[in-house]
Each structure stands twice: as structure tokens, then as C-alpha cells.
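Residues: numbered from 1 along the sequence shown.
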Amino acid sequence: MNGGHGAGGPGADAVRRDRLRMDISREACRLFWERGVDATTGDRIARAVGVSTRTVWRHFRNKESCAEPIVTRGAAWETAVLRRWPPHLSLEEHLAAEARRYARAATDLDRLDDLLATRMAVLAATEPAVRTAWLMARDQARRELAEAIAHRTRRPPDDLQVLLYAAAASASVRVLHETVGAALLTGADPEDFADTPHRVARAVRSATGGAVGDPTEAV
């Protein structure tokens with residue numbers, strides 16, 4: 001007996017649901033970039049995915065929210081990276097190692113999602129609905145950064161200085177992402193931005209007055 005959840009059980013159902021949400025989000029972001037948000041309808045998104053419009057609305061509250069899974073994907077990766085930051089590594093060392101690991105493990109679909117997320121970050125400058133999703137994702141990244149800063153500085157997560165550091169660092173990283181993304185999408189050589197992990201680390205160091213970035217324990 002499977003309890004009525006279908007083949008594979010509730011866990012498999014959740015995987016299929018998340019996969020479909022990502023499929024819808026990919027096509028919605030592609031259409032938003034190519035046609036603009038106003039010219040993209042729920043019906044068009046549904047046709048691109050190969051599902052009914054009703055299915056789209058079952059997974060998303062409106063067409064603009066279809067961008068959220070792609071937009072939040074990058075922030076989720078950053079969150080996971082921050083949680084893995086070991087005390088014996090500097091931020092530069094950790095981000096560079098994580099970037100190399102991701103480059104080795106990333107699939108073609110991962111790279112497509114990265115491209116779409118970059119496009120949405122740039123589109124957010126002119127599309128308020130997409131900007132809402134982008135800022136929501138960056139706000140989540142700010143909260144996680146506050147947790148990391150609190151841990152590294154041995155302060156409470158709700159300490160005012162921690163919150164100020166996190167706000168400043170998150171804003172700096174957001175501007176960096178938007179600027180680099182815009183440059184890459186207009187034909188800049190990716191090699192010119194191969195040092196992005198170090199740029200991010202420097203932005204965090206600068207925003208926190210040097211309080212965050214160094215190792216906190218010896219090897």
C-alpha cells in the first residue's frame with residue numbers, strides 16, 4: 001500500500017512537483033526575457049512547457065511569480081555556500097573553492113538556470129514584477145549572511161552591528177551581481193570576471209570594515 005500518494009510515495013510527488021515548477025519557471029523567464037513580462041501570458045507559458053494553463057496557476061499565483069524559482073536558485077546556492085564556510089578558511093579561499101567545485105559539477109541545465117537567473121537580475125532593473133522576486137531573493141541572502149556574520153564575529157544574530165554589516169554586505173554583493181550580469185549579457189569576456197569570487201569577498205570585507213573575511217581558527 002502506498003497510502004494513496006501514487007507510485008513512489010509522497011517524496012516522489014514532491015520531487016515531481018518541484019521539477020514541474022522549475023520547468024514552468026524556466027520557460028516563463030525565457031519568455032519574459034525575449035518578449036517582456038507584459039507580452040507574456042499564462043497561456044503562452046503553459047504552451048511552452050506543454051501543460052495546461054490551469055496547471056500553471058495551480059503552481060503559481062500569477063505569471064510574474066513564475067520567475068521566483070529561477071531567481072531564488074542563486075540565492076539558495078549562496079546560502080548553502082555560507083553555511084559550509086569552514087572557520088579555518090578566509091572568505092576568498094572558501095568562495096574560490098566553492099566556485100571551482102560548482103564548475104566541475106554543474107550540468108548543462110544548471111548553466112541554463114544560471115543564465116536565466118542572470119537575465120532576470122538584469123531585467124529586474126526595468127520590470128517591477130521581476131524586481132520584486134529579485135529583491136525577495138536578495139533579502140533571504142541578507143538574512144543568511146547575517147547568520148554567517150554573527151557566527152564569525154561571535155555576536156548574536158540580532159545584534160545591531162551584525163544587522164548593519166549584513167545589510168551593507170548584501171547590498172554590495174547585489175550591485176556586484178547586477179553589474180557583472182549586465183556586462184556578461186552585453187558581450188563582455190567571461191575571463192574578465194573569473195575573479196568574481198574574490199570580488200565578492202572584497203565587497204563583504206569592505207562593507208563590514210574588515211570584520212568579516214579572515215579565518216577564525218587555525219588549521
Side-chain angles (χ1 to χ4, degrees), residues 18 22 69-122 134-185 188-219:
D18 290 345
M22 283 300 296
I70 285 292
V71 170
T72 58
R73 180 179 175 276
W77 183 80
E78 290 178 16
T79 294
V81 166
L82 286 173
R83 288 175 177 166
R84 291 194 295 267
W85 184 9
H88 65 279
L89 291 181
S90 69
L91 186 55
E92 287 86 350
E93 291 169 327
H94 177 56
L95 292 182
E98 288 289 329
R100 290 192 297 270
R101 185 180 66 82
Y102 181 76
R104 291 193 301 268
T107 65
D108 289 344
L109 195 57
D110 289 331
R111 298 184 191 285
L112 172 60
D113 290 346
D114 292 341
L115 173 61
L116 291 172
T118 299
R119 287 176 172 176
M120 292 304 100
V122 172
W134 170 241
L135 292 178
M136 285 173 57
R138 299 316 311 168
D139 186 63
Q140 181 57 38
R142 176 189 61 78
R143 294 172 188 271
E144 294 293 338
L145 184 56
E147 292 285 344
I149 290 173
H151 180 71
R152 304 293 287 202
T153 59
R154 295 180 173 83
R155 294 171 179 257
D158 60 351
D159 180 85
L160 178 59
Q161 190 61 64
V162 167
L163 297 177
L164 291 173
Y165 281 157
S170 179
S172 296
V173 173
R174 175 174 61 82
V175 170
L176 183 59
H177 280 311
E178 292 172 351
T179 302
V180 171
L184 291 173
L185 291 177
D189 186 346
E191 287 299 316
D192 292 341
F193 299 99
D195 65 340
T196 294
H198 286 272
R199 296 189 190 204
V200 170
R202 287 197 299 271
V204 172
R205 283 182 181 275
S206 177
T208 62
V212 177
D214 290 336
T216 57
E217 294 181 8
V219 177

Q: Is it true that a side-chain atom of S206 and a backbone atom of R202 form a donor plus acceptor pair closer than 3.5 Å?
A: no
Q: After noting the C-alpha distance and the side-chain angles of E92 and R205, does the key distance pass the salt bridge (Lys or Arg N to Asp or Glu O under 4.0 Å) rule?
A: CA-CA 10 Å; E92 287 86 350; R205 283 182 181 275; 2.7 Å; yes
Q: Among residues two or more places apart or on two chains, list those pairs meeting ring-ring contact (aromatic ring centres under 6.0 Å, His included) that have a residue in residues 96-116.
A: W77-Y102
Q: Restricting to non-hydrogen atoms, name the atom on R111 and the atom on A103 that form the minimum distance, rounded to 0.1 Å.
A: NH2-O, 2.9 Å
Q: For the pair D159 (side chain) and V162 (backbone), establish whether a donor and an acceptor sit closer than 3.5 Å, ignoring hydrogens and angles.
A: yes
Q: About how many Å separate CD1 of I149 and CG of L82, when rounded to the nearest 0.5 Å?
A: 8.5 Å
Q: Can you measure from CG (L115) to CE (M120) and round to the nearest 0.5 angstrom?
A: 9.0 Å
Q: Looking at residues at least two apart in the chain, or sitting in another chain, which of them share a ring-ring contact (aromatic ring centres under 6.0 Å, His included) with F193?
A: none
Q: Roughly how far, to the nearest 0.5 Å, is the CD atom of Q161 from the CZ atom of R155?
A: 5.5 Å
Q: State, to 0.1 Å, how close P197 and A99 come at their nearest heavy-atom pair, and which atoms those are.
A: CG-CB, 3.8 Å
Q: Search all heavy atoms of L89 against all heavy atoms of H94 and return the closest pair with its distance.
A: CD1-CA, 4.2 Å
Q: Which residues pass the side chain to side chain contact (heavy atoms under 4.5 Å, CB included) test with R104, not counting sequence neighbours?
A: R100, R101
Q: Find the distance between CZ (R138) and OG1 (T72) and round it off to the nearest 0.5 Å.
A: 11.0 Å
Q: Please table the atom pairs, donor to acceptor, closer than 3.5 Å between any side-chain atom in residues 163-177 and protein atoms at least two apart or in another chain.
A:
{"residue": "S172", "atom": "OG", "partner": "A168", "partner atom": "O", "Å": "3.0"}
{"residue": "R174", "atom": "NH1", "partner": "E178", "partner atom": "OE2", "Å": "3.4"}
{"residue": "H177", "atom": "NE2", "partner": "E78", "partner atom": "OE2", "Å": "2.7"}

Q: In chain order, what residues pass the side chain to side chain donor-acceptor pair (under 3.5 Å) check against S90, with sequence neighbours excluded?
A: E93
Q: Please check if the number of heavy atoms outside D189 that lie under 6.0 Å from its CG is greater than 12.
A: yes
Q: I'd like to check the side chain to side chain donor-acceptor pair (under 3.5 Å) partners of R119; sequence neighbours left out, ordered by chain and number.
A: none
Q: From L184 CG over to D114 CG, what is the distance, rounded to the nearest 0.5 angstrom?
A: 11.5 Å
Q: Can you see which heavy atom on A141 is nearest to which on A75, and at what distance?
A: CB-CB, 4.4 Å
Q: Any non-hydrogen side-chain atom of L109 less than 4.5 Å from a side-chain atom of M22?
A: no
Q: For the backbone of T107 and the side chain of D110, can you confirm whether one donor and one acceptor N or O come within less than 3.5 Å of each other?
A: yes
Q: Assess whether salt bridge (Lys or Arg N to Asp or Glu O under 4.0 Å) is satisfied between R152 and D214, documenting all intermediate values.
A: CA-CA 9 Å; R152 304 293 287 202; D214 290 336; over 6 Å; no
Q: Minimum heavy-atom separation for D192 and D195, please, with both atom names.
A: O-OD1, 3.8 Å
Q: Does a side-chain heavy-atom distance below 4.5 Å link D139 with R142?
A: yes
